Amino acid sequence: MSILRYILLTAGILLAGSGLQAQPENDGGARKEALAQARYLKSIFKTDEAIDLLSGFVTPGSMDEEVLAELADCHFQSADYESASGTYFLLSSRFPDKVIYKIKLMQAFYRLKDYPGSIMAGKAALQLDTIPAVMSFIGDAFRQMDRPDSAFEYYSKSLAVKPLNESVLSKAANILLKAEDYDGVLALTEAFSQEDPDNDVIAPIRGIAYYRKGDYANATNVFQRQEDIGNDSYPVHLYLGHCYWQTKVIYRAEKEFLAAWQIDSSDVNLAFYIGAVKAEAFRPFETGVKPWLDKVWDRLQPDPEFLSRLHQQYGQGYFKDAGDHERAIEHFKEAYRLNPKSFSILSTIGYCYESKKDYRNALEWYQKYLEVGKPGTKGYKFVETAIRYVKAQLFMDEPNAKK
């Protein structure tokens, strides 16, 4: 809300725009009866009727606090946040020592997506009283403005007063997760974890922090415990699957990924994970692995790097399981075309040709690898040995070729 609008509000000019009409003075009995009737109408969600009734008791130059407060609440309840914020601002200006109007103004501005205004009203409320919920609200507004550092500051202030607030703690911890401060997440949530180790909001956040910092043992313990106590959520199965995959407990990884898929089958990455772990578990390619790769293929967005990985998985399946060297080579070549940085594919293509005894093409692709590979590495030494072998085979074939 602009400064000009604030000035207009203070002057009371916007009252007419809020549905407040100048009417002759009414006696106290009629006013009391109207307030009671308006509160009843508001309680049964007939806010338009309540607003019409209350508007008759607003006169120019008067400041009937009780009537205006009810009127503002009616505007807020009917989602007319513009009128609500105007009236709350007027009340806040007229009664600066009453924190309730500043809090209501903060909420109305937030609903209007006027986050700077909401922050300003919240800070004004905090000058009158230390209220953790208001600190958290200011944090939410900063987060909406994509200012995570300021949001974290106010979440921390709220937690300093009320340290075991699950909602605020999860928001603060998620900011640290996004910033990749995994030790910070664990430190922040430690006290809460001691009090409530099985909490289904904070415990998974700690599990994610453990997983992302590479502490798969602790991550597995956290997510397995969540599953054991009945947390059947998608993130628990997904991260537990990743934990078991990282620690090479492939059959458990497969089980958890499939459980996650039963909950949400929209994630193309999950389909790829399932195909990959099935391949590592030596499931039959055509019936076990390929159907999952096909799901990825059908849904995939055109991401060259990911497409390259997908082609490599197809190639490995056709080569190792189906024994179809031609189709494997097809996929490996396409994988390299899509992602030339993955030059190890060159040696794989060479090996495919070598396996089908096409030594000339094997030599060609091995030599391509040597042009870009790093001397001394395991892969480079493998290719050097392979080249000596295929050259020997070509030499052995020369007399037969002449005959």
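Residue numbers start at 1 and run along the sequence shown. In this text the structure is predicted, and so the values were computed from the model without any measurement.
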Can you name the nearest heavy-atom pair linking Ala328 to Gly315, along with the distance?
CB-O, 3.4 Å
What do the steps show when you test Glu334 against Tyr314 for side-chain contact (heavy atoms from CB on, under 4.5 Å), and what is the final call?
CA-CA 11 Å; Glu334 184 63 11; Tyr314 271 107; over 6 Å; no
Are side-chain N/O atoms of Ser78 and Asp80 paired as donor and acceptor at under 3.5 Å?
no
Between the CZ atom in Phe272 and the CG atom in Asp267, the distance rounded to the nearest 0.5 Å is 12.5 Å
Taking the six-membered ring for Trp, are the ring centroids of Trp292 and Trp297 within less than 6.0 Å of each other?
no
For residues Gln37 and Glu33, is any side-chain donor paired with an opposing acceptor at under 3.5 Å?
no
Residue pair Lys320 / Phe282, side-chain heavy-atom distance below 4.5 Å
no
Using a 4.5 Å cut-off on heavy atoms from C-beta on, say whether the side chain of Tyr239 contacts that of Tyr234.
no
Between NE2 of His75 and CG of Leu54, what distance do you get to the nearest 0.5 Å?
9.0 Å
For the ring pair Tyr318 and His325, is the centre-to-centre distance below 6.0 Å?
no
Check whether any side-chain heavy atom of Leu105 sits under 4.5 Å from a side-chain heavy atom of Ser85, and report yes or no.
yes
Test item: side-chain donor near acceptor, Asn174 and Tyr155, under 3.5 Å:
no
Are Ser167 and Asn165 close enough that a side-chain donor and a side-chain acceptor fall under 3.5 Å?
no
Passing option when Glu70 is tested against Lys104, Lys42, Arg31 for salt bridge (charged side-chain N to carboxylate O under 4.0 Å, His left out):
Lys42
Derivation of the side-chain contact (heavy atoms from CB on, under 4.5 Å) call for Lys123 and Tyr154
CA-CA 10 Å; Lys123 287 181 176 180; Tyr154 275 88; 3.2 Å; yes
Taking the six-membered ring for Trp, are Tyr101 and Phe95 parallel (under 30°), tilted (30 to 60°) or perpendicular (over 60°)?
tilted
Distance col, row Cys243:SG vs Asn221:CG, nearest 0.5 angstrom, shows 9.0 Å
Aromatic rings His311 and His331: how do their planes relate, parallel, tilted or perpendicular, breaks at 30° and 60°?
tilted
CD/Gln224 to CD/Gln226 distance, rounded to the nearest 0.5 angstrom?
10.5 Å
Would you mind reporting whether Met145 and Tyr115 have side-chain heavy atoms less than 4.5 Å apart?
yes
Glu305 vs Lys341, test: salt bridge (charged side-chain N to carboxylate O under 4.0 Å, His left out). Steps then yes/no.
CA-CA 9 Å; Glu305 186 174 337; Lys341 292 180 181 178; over 6 Å; no
To the nearest 0.5 Å, what is the distance between CD (Glu195) and CD (Glu166)?
13.5 Å
Apply side chain to side chain donor-acceptor pair (under 3.5 Å) to the pair Gln316 and Gln312, showing each step before the final yes or no.
CA-CA 6 Å; Gln316 290 167 11; Gln312 289 181 65; 4.8 Å; no
Output yes when a side-chain donor or acceptor of Ser118 lies under 3.5 Å from a complementary backbone atom of Met106, and no otherwise.
yes
Mind listing the closest non-hydrogen atom pair of Phe223 and Pro235 along with its distance?
CE2-O, 4.5 Å
What is the ring orientation for Tyr366 with Phe382, classed by angle as parallel under 30°, tilted 30 to 60°, or perpendicular over 60°?
perpendicular
Can you tell me if Asn339 and Ser342 form a side-chain donor-acceptor pair at under 3.5 Å?
no
Under a 3.5 Å threshold, yes or no: a donor from one side chain and an acceptor from the other, between Tyr88 and Asp73?
yes
A side-chain contact here means heavy atoms from C-beta on lying under 4.5 Å apart; do Pro132 and Val168 qualify?
no
Glu280 versus Trp245, side-chain donor and acceptor atoms under 3.5 Å
yes
Taking the inter-plane angle between the rings of Tyr336 and Trp365 on a 0 to 90° scale, is it parallel (under 30°), tilted (30 to 60°) or perpendicular (over 60°)?
perpendicular
From Lys255 NZ over to Ile250 CD1, what is the distance, rounded to the nearest 0.5 angstrom?
15.0 Å
